[in-house]
Protein chains: 2
Amino acid sequence: MERLPGFRDFYPEPLPNQDVWSADVRQYIFDRWRVAARNYGFCEYDGPPLEPLELYTVKSGEEIVGQLYNFTDKGERAVALRPEMTPTLARMVGAHERNYKKPIKWFALPQLFRYERQQKGRLREHFQFNADLLGETSPAADAELIALLIDLLRAVGLKSDDFVIRLSSRQAWREFFTKRCQDSAKEYEFYQIIDKLEREEPELNRQKLAAIGFQLSEIEDFVKAGQPTAELQSVIENLGARGLSDFVKIDYNVIRGLAYYTGSVFEAFDRKGQFRAIAGGGRYDHLVKLITGGKTDLSAIGFGMGDVVLTELLRERNLLPKLQSALKAFFIIEDETLRPETFRWIQALREAGCGVDYSLTPAKPDKQFKRALELKATFTIKLERVEGALQARLKNLATREEKTLPVGDLVAAVGA
Amino acid sequence: MERLPGFRDFYPEPLPNQDVWSADVRQYIFDRWRVAARNYGFCEYDGPPLEPLELYTVKSGEEIVGQLYNFTDKGERAVALRPEMTPTLARMVGAHERNYKKPIKWFALPQLFRYERQQKGRLREHFQFNADLLGETSPAADAELIALLIDLLRAVGLKSDDFVIRLSSRQAWREFFTKRCQDSAKEYEFYQIIDKLEREEPELNRQKLAAIGFQLSEIEDFVKAGQPTAELQSVIENLGARGLSDFVKIDYNVIRGLAYYTGSVFEAFDRKGQFRAIAGGGRYDHLVKLITGGKTDLSAIGFGMGDVVLTELLRERNLLPKLQSALKAFFIIEDETLRPETFRWIQALREAGCGVDYSLTPAKPDKQFKRALELKATFTIKLERVEGALQARLKNLATREEKTLPVGDLVAAVGA
């Protein structure tokens, strides 16, 4: 029986082949992200992976349903596997808003699901780091969040040579639009065209823009000038004060497809342009009010970063550490009468926080030693009874250094 | 809009009320479990939360479908949210069995889903620590796995006063049955009656047993004698050698409801009997072969431990630590002209691994100080320019001790 297409199995290292994913790499990335987020004062939350379908249609309209894993549950509820985290966040914040001081700085690591057409490298689930900052309209919040994004990427070894945050402003584009067009019905279509500008042929862009009364050349000039808004200027200066200027640039090609962004928008890309966007986000000051049915009105800015593109990028840049979990000690049992005594010291070392393994059943000593090497143990330990006293023979597998010590000294010698 | 019934929201500490769950408690338990499992040489794996429905019906028959979140996806596949991890494990091990040395020691922390009737304290999802040891038939494997279970519970602060592992044997019950009854069609029904013995009225037990030709008294005598099989005796002695005798007892009341167990079976209970089983498992030597369609034949023993009962038990025993994530430093900005310099040192401390926060916008110093207290910061830090030199005023909020140092010494003073 096979797993479903677009879903992943996560195996322990070393991996059997390149077609499966590594549970150890996933955990390494999650650990680094959690530490970085907590250093920024963000707190972790999570919600259900299954939510009422309405939570998504109220925000994105009925057309979203075609991309969802949605169904009717046994209680006749219309439900969906979560395709994104923001509606859950808005629901949760709305339910207990008054209990949390503003600004609210929260992060989560949800697994998300989309029923998309199968394409190479396009999965139907991924894990996505989400960070959101709610209750602060100042561009200082935008800068704090973008600094976090930069440090999440640095936390897994990427440098300013590897990636850049392309910073733009939905507000700047709105001003551009309203100065030239009074028909607000065309506004969303205009953003959609801008969003695809880099990916489509110039001639097609020209035609689509002409159809709503815009010239491609004036748009190209606007992008090229890249004149930061006062808001973006403030973000850039803030990041500069942190020493993070090398990681960010103004780039009005970025606009983000979703309808609900209201201010700054940004995307992280690898500088070589080999991969899709690593992360993306922006300010969405009206969404919490929409999702909570007007109950809670909080300005917000957030971003999401998936694990798939990032893991591929880290592998390509050779930035994945050797991750096989290494044992501190492997006990070799030569004299089976000492097995019960050996259990006692295995237990003592494990209680002292050491990773310890051994052969569950009697085996030839050289076979046990080979297993210790396979498991990358730091030490092998063998108990021996010498003139009635129990001793431990300790061998460092890296240095080949050996020593014998009273078994009572074992925890102090190995546990440290 | 509400979350679905039987699902949980996980909020950051301090919690708004007792009806929501704590993301920090969840992470604390997961962290402790991961460390304990790795100390035992277990490696982490994971699979998809959505699997082909057939993966569950092949093992448990069509009747399981009534308890599943199952549906037909947009590609006309019959799929289900995973109700347990063992079928996924068997599928994954079967796919790459030859790449992993035996015994295979794996663990996972999946979220599992069951569409069950709503009852108090009965949820429709939970997280379940799963550990499995494959490729070793010796009771030494059973002992290793039960020792891990004991240490997972000790890792969150429980002691031998708090819980006990009730150890039994499906094999012992099979011998009991076959000695007295040759009709193997009644075997599974017999196990089902034994499984419910403690929860049903004696008279009902008597009737149900009589219907298949057994006497309640002979069963009570068998349970009361509690004569360990050779296999269980070996497990008990093995755990004794580790110093873990106080955590385990023979108890033939345990038999485990599922059909597929073949050898030892066990459950962890709180000693006061206030809660449902904390964990349960057993040996299932034929299941991998069944699920892989005969491709892989591996003996196996495993257990699962959910987060819901354990968290309730820890709360009841007052064993949940204070978990609000504490900051190392909160910067107080009195002189706004020093904000850019402050950003530089916030960044330096965060890069040194410290949790740091500050007011995103100008605020009165006493308001900033109050926020530092709320966030349980260890230090407040205030930059000042004295005769052209930048200094940091450092205040320890616990001891109220204050000192002034050159800003260049800040990372060394706080980061350590």
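In what follows, chains are A, B, ... by sequence order, proteins preceding strands, each numbered from 1.
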Please flag which part of A/D46 lies under 4.5 Å from any non-hydrogen atom of chain B: side chain, backbone, both or neither. both
Return the orientation label for the B/W106 and A/Y11 ring planes: parallel under 30°, perpendicular over 60°, tilted otherwise. perpendicular
Applying a heavy-atom distance below 4.5 Å, give me the residues of residues 341-348 of chain B that approach chain A, sorted by number. B/F343, B/R344, B/Q347
Measuring heavy-atom distances to chain B, does A/L81 have an atom under 4.5 Å in its side chain, in its backbone, in both, or in neither? side chain
Which atoms of B/P14 are under 4.5 Å from chain A, going by heavy atoms: the side chain, the backbone, both sets, or neither? backbone
Salt bridge check, B/R77 against A/E2: does any charged N sit closer than 4.0 Å to a carboxylate O? no
Taking only residues two or more places apart in sequence, or in another chain, which ones meet A/F107 in a ring pair (Phe, Tyr, Trp, His ring centres under 6.0 Å)? A/F129
Using non-hydrogen atoms only, which part of B/Y100 is less than 4.5 Å away from chain A: side chain, backbone, both, or neither? side chain
Would one find more than 12 heavy atoms of other residues, nucleotides or ligands at under 6.0 Å from atom CD of A/E374? yes
Is it the side chain or the backbone of B/V35 that comes within 4.5 Å of chain A heavy atoms, both, or neither? neither
Tell me every residue that passes ring pair (Phe, Tyr, Trp, His ring centres under 6.0 Å) with A/F331, counting only those two or more places apart in sequence or in another chain. none
Residues passing the ring pair (Phe, Tyr, Trp, His ring centres under 6.0 Å) test with B/F113, sequence neighbours excluded, are none
Please determine whether the number of non-hydrogen atoms from other residues, nucleotides or ligands lying under 6.0 Å from atom NZ of A/K101 exceeds 12. no
Is it the side chain or the backbone of B/N17 that comes within 4.5 Å of chain A heavy atoms, both, or neither? side chain
Residue part contacting chain A, namely of B/E44, when any heavy atom lies under 4.5 Å: both
Contact origin within B/R339 toward chain A - heavy atom pairs under 4.5 Å: neither
Pick one of side chain, backbone, both or neither for B/N39, based on which atoms fall under 4.5 Å of a heavy atom in chain A. both
